[in-house]
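All remarks here apply to the structure that follows.
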Amino acid sequence: MNQEELFKKIISHAKEYGFIFPSSEVYDGLAAVYDYGQLGSLLKNNIREYWWKSMVQLHENIVGIDSAIFMHPSIWKASGHVDAFNDPLIDNKDSKKRYRADVLIEEHLAKIEDKINKEVEKAAKRFGETFDSAMFISTNPRVVEYKNKLESIKTRFAKALNENNLADVKTIIEEEGIACPVSGTRNWTDVRQFNLMFSTQMGSVTDDAGTIFLRPETAQGIFVNFLNVYKTGRMKIPFGIAQTGKAFRNEIVARQFIFRMREFEQMEMQFFVKPGEEMKWFEYWKATRKKWHLSLGIPESKYRFHDHEKLAHYANAATDIEFEFPFGFKELEGIHSRTDFDLNQHQKFSGKKLQYFDSETNESYVPYVVETSIGLDRTFLAILSYAYSEEKLEDGSERMVLRIPPVLSPIKVAVLPLVKRDGMPEKAHEIMDVLKLDFMCQYDEKDTVGRRYRRQDAIGTPYCITIDQQTFEDNTVTIRERDSMKQERIPVSQISNLVLEKLHIKNLLSHN
Ligand code: GAP
């Protein structure tokens with residue numbers, strides 16, 4: 001199965017089992033908006049809870065807030081979003097399709113990179129064990145030519161973006177012969193900027209004064225509460241403020257399922273530090289966030305750091321944690337050193353001082369900020385795409401299993417009476433009534449027990465317990481573990497402790 005097929009399977013699996021539905025489906029859907037179903041919302045809540053606890057509960061100097069989505073419109077002027085939260089867009093005159101010009105160029109660059117990788121793979125096969133890939137890459141004429149081309153486009157592209165030179169962005173597209181994937185032609189309009197913020201009207205005022213924006217990031221809600229939290233929480237620098245919540249962006253190219261949506265959820269943390277110490281904290285948060293991802297049990301090879309080539313004007317360092325989705329390595333989380341830009345801007349626009357008083361030096365200053373910003377939906381997709389696996393079993397049969405990190409699984413225990421009679425359903429409910437006080441359980445009595453195991457595998461349930469005739473004799477049940485499929489008999493009185501011990505969130509938190 002190739003990656004494209006895999007991705008299609010993940011999307012249909014997510015729908016079939018109640019993880020994710022297209023929004024407004026009975027009205028044929030709404031582009032790039034999705035709803036989380038009965039299992040998806042549980043998984044999403046569990047991911048959010050894990051992030052929140054790892055930030056707020058594990059760090060004495062980080063507190064959490066929940067700011068409103070609607071904010072004073074001047075905030076978006078101050079933050080630069082009104083003037084510069086733009087994507088360069090371009091239309092193909094024949095297909096009438098609209099694209100992000102930067103994405104067209106990035107995809108073109110990825111194709112050149114693919115060509116290099118193919119040459120290296122071919123040579124590795126040809127030369128066998130003696131193959132020296134570094135030597136090959138630096139000397140093979142064809143690879144060197146591709147590499148030079150790649151570098152020169154990258155440099156020119158970064159310069160054009162930095163200087164907001166949209167004419168040159170178009171020239172790159174033309175000179176590289178980039179064609180519209182739909183019409184196949186190179187008949188392009190000029191490149192122009194498009195602001196990604198959604199706006200609406202507040203109250204009964206319908207002129208510009210009543211226009212407010214749906215927040216495109218949760219971070220600004222943190223910046224404008226800096227003083228409130230610092231004063232009321234008696235915070236000492238360095239300290240952080242975390243929050244999770246919805247953000248909205250009118251994405252031009254919204255594709256790849258829940259990877260890029262118009263309404264999505266962010267989990268952000270702004271860490272306020274003394275100016276001059278930001279690089280130390282930037283490195284600290286890079287390492288800390290990497291550990292968080294690895295604690296999920298997903299192999300390290302699925303992640304990589306990608307330092308920004310084009311730094312935003314306010315940042316002095318920025319990196320992305322990329323994840324290998326079925327459509328390649330893509331940004332999952334951003335870690336940015338944002339200097340004192342945001343607080344300074346809000347001081348300027350609000351006329352209020354947003355400063356920290358250092359009682360040791362008797363000095364006031366505007367703190368610098370290191371931010372960690374991760375998409376909840378993208379984390380969901382990363383976990384789902386890693387978890388999806390089709391396995392061949394020893395007896396030749398196949399099973400589909402979602403290897404979701406067990407602590408995050410939507411349903412922790414499935415309670416299954418072996419048959420639908422002989423008092424087993426009643427006994428199963430009796431046991432479930434106790435277990436459900438501790439965790440999410442699901443009762444299932446339909447079909448053979450084997451088929452029920454498969455259904456639970458397909459939604460990632462770590463444990464199934466089966467009630468049978470012996471349960472009435474010695475008060476034991478069979479417990480089956482998802483990944484190993486091993487079964488053992490345990491007393492009913494031990495189920496809760498066993499499951500709690502294995503699936504307590506502290507099993508993840510302790511790896512932070
Ligand atoms: N405050 C910084 C900030 O918002 P960003 O890189 O624009 O930075 C942070 O966004 C994270 O939010 C991304 O790494 C991604 O995981 C998520 N994200 C951004 N746009 C998204 C979209 N349209 N759909 C889903 N997730 C998105």
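Starting from 1, each residue takes its place in the sequence as its number.
- When only modelled atom types and interatomic distance are considered, Ser54 and Trp292 share a side-chain donor-acceptor pair under 3.5 Å.
- Annotation: side chain of His293 is in contact with side chain of Leu332 (closest heavy-atom distance under 4.5 Å).
- Checked for salt-bridge contact, Lys111 and Asp114 miss the test: no charged N lies under 4.0 Å from a carboxylate O.
- A salt bridge between Arg452 and Asp444 is absent, with no side-chain N of the basic residue lying under 4.0 Å from a carboxylate O of the acidic one.
- A 4.5 Å side-chain heavy-atom check between Gln243 and Gln270 finds every atom pair outside the cut-off.
- The environment of CD in Glu300 is sparse: at most 12 heavy-atom neighbours from other residues, nucleotides or ligands sit within 6.0 Å.
- Ring orientation note: the planes of His306 and His308 are tilted relative to one another, at an angle of 30° to 60°.
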Derivation and outcome, side chain to side chain donor-acceptor pair (under 3.5 Å), residues Thr244 and Gln266: CA-CA 6 Å; Thr244 69; Gln266 288 186 316; over 6 Å; no
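- The aromatic rings of His346 and Phe223 are tilted relative to each other, their planes meeting at an angle between 30° and 60°.
- Two residues are said to be in side-chain contact when any heavy atoms from C-beta on lie closer than 4.5 Å; Tyr99 and Glu107 fail this criterion.
- Annotation: Glu501, atom CD; neighbour count of heavy atoms from other residues, nucleotides and ligands within 6.0 Å does not exceed 12.
- Neither side chain, Thr461 nor Gln442, offers a donor N or O lying under 3.5 Å from an acceptor on the other.
- At a cut-off of 3.5 Å, with distance as the only test, no side-chain donor of Glu488 or Thr478 sits close to an acceptor on the other residue.
- In Phe472, the CZ atom is crowded: over 12 heavy atoms of neighbouring residues, nucleotides or ligands sit closer than 6.0 Å.
- Between the side chains of Asn45 and Tyr36, no donor-acceptor pair is found at a separation under 3.5 Å.
- Taking the six-membered ring for Trp and the full ring otherwise, Phe272 and Tyr230 have centroids separated by 6.0 Å or more.
- Under a cut-off of 6.0 angstrom, the local environment of NZ in Lys246 is crowded, with over 12 non-hydrogen atoms contributed by other residues, nucleotides or ligands.
- To the nearest 0.5 Å, the span separating CD on Glu391 from CZ on Arg403 amounts to 4.5 Å.
- For Tyr314, the OH atom counts as loosely surrounded, since its 6.0 Å shell holds 12 or fewer non-hydrogen atoms of other residues, nucleotides or ligands.
- The side-chain tip of Arg262 does not point at the ring of Phe248 from less than 6.0 angstrom away and within 45° of straight on.
- Electrostatic pairing of Glu5 and Lys8 does not count as a salt bridge here, judged by no charged N lying under 4.0 Å from a carboxylate O.
- Salt bridge annotation for Lys502-Glu481: absent, with no cationic side-chain nitrogen under 4.0 angstrom from a carboxylate oxygen.
- Arg304 forms a cation-pi arrangement with Phe329, by the criterion of a distance under 6.0 Å to the ring centre and an angle within 45° of the ring axis.
- Taking the centre of each ring, Phe323 and Phe325 come in below the 6.0 Å mark.
- No close placement of the Phe19 and Tyr17 rings is indicated, their centers lying 6.0 Å or farther apart.
- Other residues, nucleotides and ligands place no more than 12 heavy atoms under 6.0 Å from the CZ atom of Arg451.
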Chi angles and distances behind the side-chain contact (heavy atoms from CB on, under 4.5 Å) call for Tyr284, Val370: CA-CA 10 Å; Tyr284 169 86; Val370 175; over 6 Å; no
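- Salt-bridge check for Arg489 with Asp468: passed, with a basic side-chain N closer than 4.0 Å to an acidic carboxylate O.
- A salt bridge is absent between Lys330 and Glu322: the closest approach of a Lys/Arg side-chain nitrogen to an acidic carboxylate oxygen does not fall below 4.0 angstrom.
- Between the side chains of His81 and Gln220, no donor N or O sits under 3.5 Å from an acceptor N or O.
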